[in-house]
Amino acid sequence: MSADGTSPWPALWALVIGFFMILVDATIVTVATPALLVAFGTDVNTVVWVTSAYLLAYAVPLLVTGRLGDRFGPKNVYLAGLAVFTLASLWCGLTGTIGELIVARVAQGLGAAMMTPQTMAVITRTFPAAQRGRAMSLWGAVAGVATLAGPVLGGVLVGALGWEWIFFVNVPLGVVAFAAVWYLVPALETSKRRFDLVGVVLSATGVFLLVFGIQEGQRYDWGPIVGPVPVWMLIVVGAVVLVVFVWWQSRTRSEPLVALQLFRDRNFSLANIAICTVGFAITAQGFPLMIYAQNVRGFSPTEAALLLVPLAVLSGALAPWTGRLTDRIHPRLIGGFGMSTFVIGLLWLAAVMSPDTPVWQLLLPISLLGISNSCVWAPISTSATRNLPMEQAGSGSGVYNTTRQVGAVLGSAGIAVLMEARIAALVPGGAATPDAAFAAGPLPDEVRESFATAMAQSVLLPAAVLVIGLVAVLCFARPQHLRTRDPAAADRGDAPRR
C-alpha cells in the first residue's frame, strides 16, 4: 500500500501500457528491414538508422527527463511524452521518404525519453522496498516481452497490412494509455530542480559521435568521412567528450545532471553495467536472426517473427515468479542464472543457424532465451533502485534507463557494422555489393550457406558483450531488506556497500 493507504498497482498497470509501446518500437523495425529497403530504395545502413535514430533520441535526453519528473511530477511528464510519442507514430506511418521517417523516429524517441524514467520513479516512490521486486517484475516483464515481441508484432503487421502499420497501431493504444494514466496515476510531490545545460550538451555530443562513428565506419571503410577527418577519430572524440562529461559532473556542485554519489551504492553501479549489456544484446540479436529467417530460409515477415513467440511467451509468463523470488533471495542467484543462460542460448542459436536446420532446432535455443530473459530484468532493475533515496528516484531511474538505452544504441550500431563486415568477408561478391544481400526475398542457393554463416557469426557479438554483464551481476551485494532478515549476512560479507 502507498502512503495514503491506496494500492499502487493500478497506477503501475496504467503506466506500463505506454511503456510497452515505446519498447516495442525499439525493435519492431528489425523485421521490416527488407520491406523498408524495397519501399524506399535505400541501403541497409540507412534502414538501420531508422532504429538507431529512435534509440539515440531515446537515450540522450533520459538524464534530463528523469529530473523533469522530480520537478514537474512523474504523471505530468509522462503524459506529455505519451502525447509526443503518439503523434510522432502517426507521422512515421505517413512519411514518404526514408529521411523523413528517420526524423519522425527522432521525435518518437524524444517522447519515449520523457516517459521511461517516470515508470521506475513511481515504483521507487510508491512501493515499499520489500515489495519492489514484484513491482519491478511487472516492469521487467513488460520490458522483456515488449522488446522481444517487437519483431513478432512487426512481422504480423508488415505481412498483413504493410510497414506503415507498425507505427499506426500506436495511435489507438496511445489514446487508451493516456486516459488510463490520467485517471489512475496519482500526482506525487515535486521538488525544485536546476538543469545542467553544459552536461546535457556534453552527454548528447559524446553519445552521438560515438554511435555515429561506429555505425558509419564500415560504409566509409574507416577512412575519411568529413574532409580529412577519419571515422575512427569521431569515435575517439566521442569517448573523450564523455570522459569530460564525467569530469564536469564531478565539478558541478549545484544539481549536476548525474549525481555521481549514486554510484557509491555498489548494486546501483553494477546494475548499470549489467543493464547496458542486456540492452546491447536484446537489440543486436534481432537483426541477424530476422534477416537470416527471411533471406536464407525464405520466410515471410510473419513467419520469421513467429520464431520469437516462445521467447516472448516464456519471458512474460515466468517474470512474475522471478519477481517474487527477487524479494526473497539474493538477486545474484536469479540474475546470474539468467545472464549465463542468455549467453548459452545465443551461442546455441549461432551454432544451428544453417540454411536447412529444422525449425524445431531453432526454437529450442530461442525458448532458452525466453527463460533467461525472465530472470534478467527484475533482479537487475530492483538492485539498481532498491537503495535509492526518494528524492533521487527520478535522477537514479534516468541514469539507469540511459545506460540501458546507450547499450541498445551501441547494439544497433555494432551489429550493423559486424553484419556488413561478415557479409563482405564470407559472401561471394559481398565486398562489392553488401547491401544487395539484404534485399527482400530468399537468396540464390550458391550464397545461402555463406550468408547464414555471416549471420550466425554476428550473433556471437551480443553473447560476448553479455559476459561482462554476467560478471557484474555475480558481484551484487545482498540487499538491505534481506540483510535485516538474516543478521548473519553481514558476517558473510554480503552487506550492501554504499
Tell me, with the steps shown, if I282 and N373 meet side chain to side chain contact (heavy atoms under 4.5 Å, CB included). CA-CA 9 Å; I282 288 289; N373 270 270; 3.1 Å; yes
Would you sort out whether C276 and R404 count as a side chain to side chain contact (heavy atoms under 4.5 Å, CB included), showing the intermediate values? CA-CA 4 Å; C276 184; R404 177 175 61 83; over 6 Å; no
Please evaluate residues T116 and I22 with respect to the criterion side chain to side chain contact (heavy atoms under 4.5 Å, CB included), reporting the C-alpha separation (whole Å), side-chain torsions for both, the decisive distance (0.1 Å), and the verdict. CA-CA 8 Å; T116 298; I22 62 180; 3.0 Å; yes
Stepwise side chain to side chain donor-acceptor pair (under 3.5 Å) check, S458 with Y292: CA-CA 11 Å; S458 298; Y292 156 81; over 6 Å; no
Candidate pair Y58 and Q108, rule side chain to side chain contact (heavy atoms under 4.5 Å, CB included), full reasoning: CA-CA 8 Å; Y58 189 170; Q108 261 194 323; over 6 Å; no
Applying side chain to side chain donor-acceptor pair (under 3.5 Å) to N267 and S383, what does each step give before you reach the verdict? CA-CA 6 Å; N267 282 359; S383 297; 4.6 Å; no
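Taking CZ from F287 and CD1 from I291, the interatomic distance works out to 7.5 Å, rounded to the nearest 0.5 Å. Taken from CE in M21 to CZ in F85, the straight-line distance is 4.5 Å, to the nearest 0.5 Å. Summarising the geometry, atom OG1 belonging to T403 is positioned 14.5 Å from atom CZ belonging to F280; distances are rounded to the nearest 0.5 Å. Between the CG atom of L368 and the CG atom of L364 there is a distance of 9.5 Å, given to the nearest 0.5 Å. S203 contributes atom OG, which lies 13.0 Å from atom CH2 of W248 (distance to the nearest 0.5 angstrom). For the atom pair L308 CG and L369 CG, the distance stands at 9.0 Å (nearest 0.5 Å).
Using a 4.5 Å heavy-atom cutoff, the side chains of T341 and I371 are not in contact. Side-chain atoms of V200 and F245, non-hydrogen and from C-beta on, never get closer than 4.5 Å to each other. For the pair M115/F19, no side-chain contact is recorded, criterion being any heavy-atom separation below 4.5 Å from C-beta on. The shortest distance between side-chain heavy atoms of T86 and N170 does not fall below 4.5 Å. Counting heavy atoms from C-beta outward, C475 and R332 have side chains that stay 4.5 Å or more apart. Considering only heavy atoms from C-beta on, V278 comes within 4.5 Å of M339 through its side chain. Taking 4.5 Å as the limit, every side-chain heavy atom of V459 sits out of range of all side-chain heavy atoms of L289. Annotation: side chain of Y78 is not in contact with side chain of M114 (no heavy-atom distance under 4.5 Å).
R105 forms a cation-pi arrangement with Y54, by the criterion of a distance under 6.0 Å to the ring centre and an angle within 45° of the ring axis.
For the residue pair V473 and A274, the shortest heavy atom distance occurs at CG2-CB, 3.7 Å. When all heavy atoms of V241 and L202 are compared, the closest pair comes out as CG1-O, 3.2 Å. Summarising the geometry of I415 relative to P288, their closest heavy-atom pair is CG1-CD, 3.8 Å, with the distance given to 0.1 Å. Closest approach of A281 and F342 over heavy atoms only: CB-CZ, 4.2 Å. Counting all heavy atoms, side chain and backbone alike, Q118 lies closest to V77 at NE2-CG1, 3.5 Å. Closest approach of A88 to A104, counting heavy atoms only: CB-O, 3.9 Å.
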Side chains of residues 343-352: which donor-acceptor pairs under 3.5 Å do they make with residues two or more places apart or in other chains?
none

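Annotation: side-chain hydrogen bond (donor to acceptor under 3.5 Å, both in side chains) contacts of T277 (sequence neighbours excluded): none.
Using cut-offs of 30° and 60° for the angle between ring planes, the W182 and F178 rings count as parallel.
At least one donor-acceptor pair under 3.5 Å links the side chain of S269 to the backbone N or O of F263. With hydrogens and angles ignored, the 3.5 Å screen pairs a side-chain donor or acceptor of T65 with a backbone N or O of A113.
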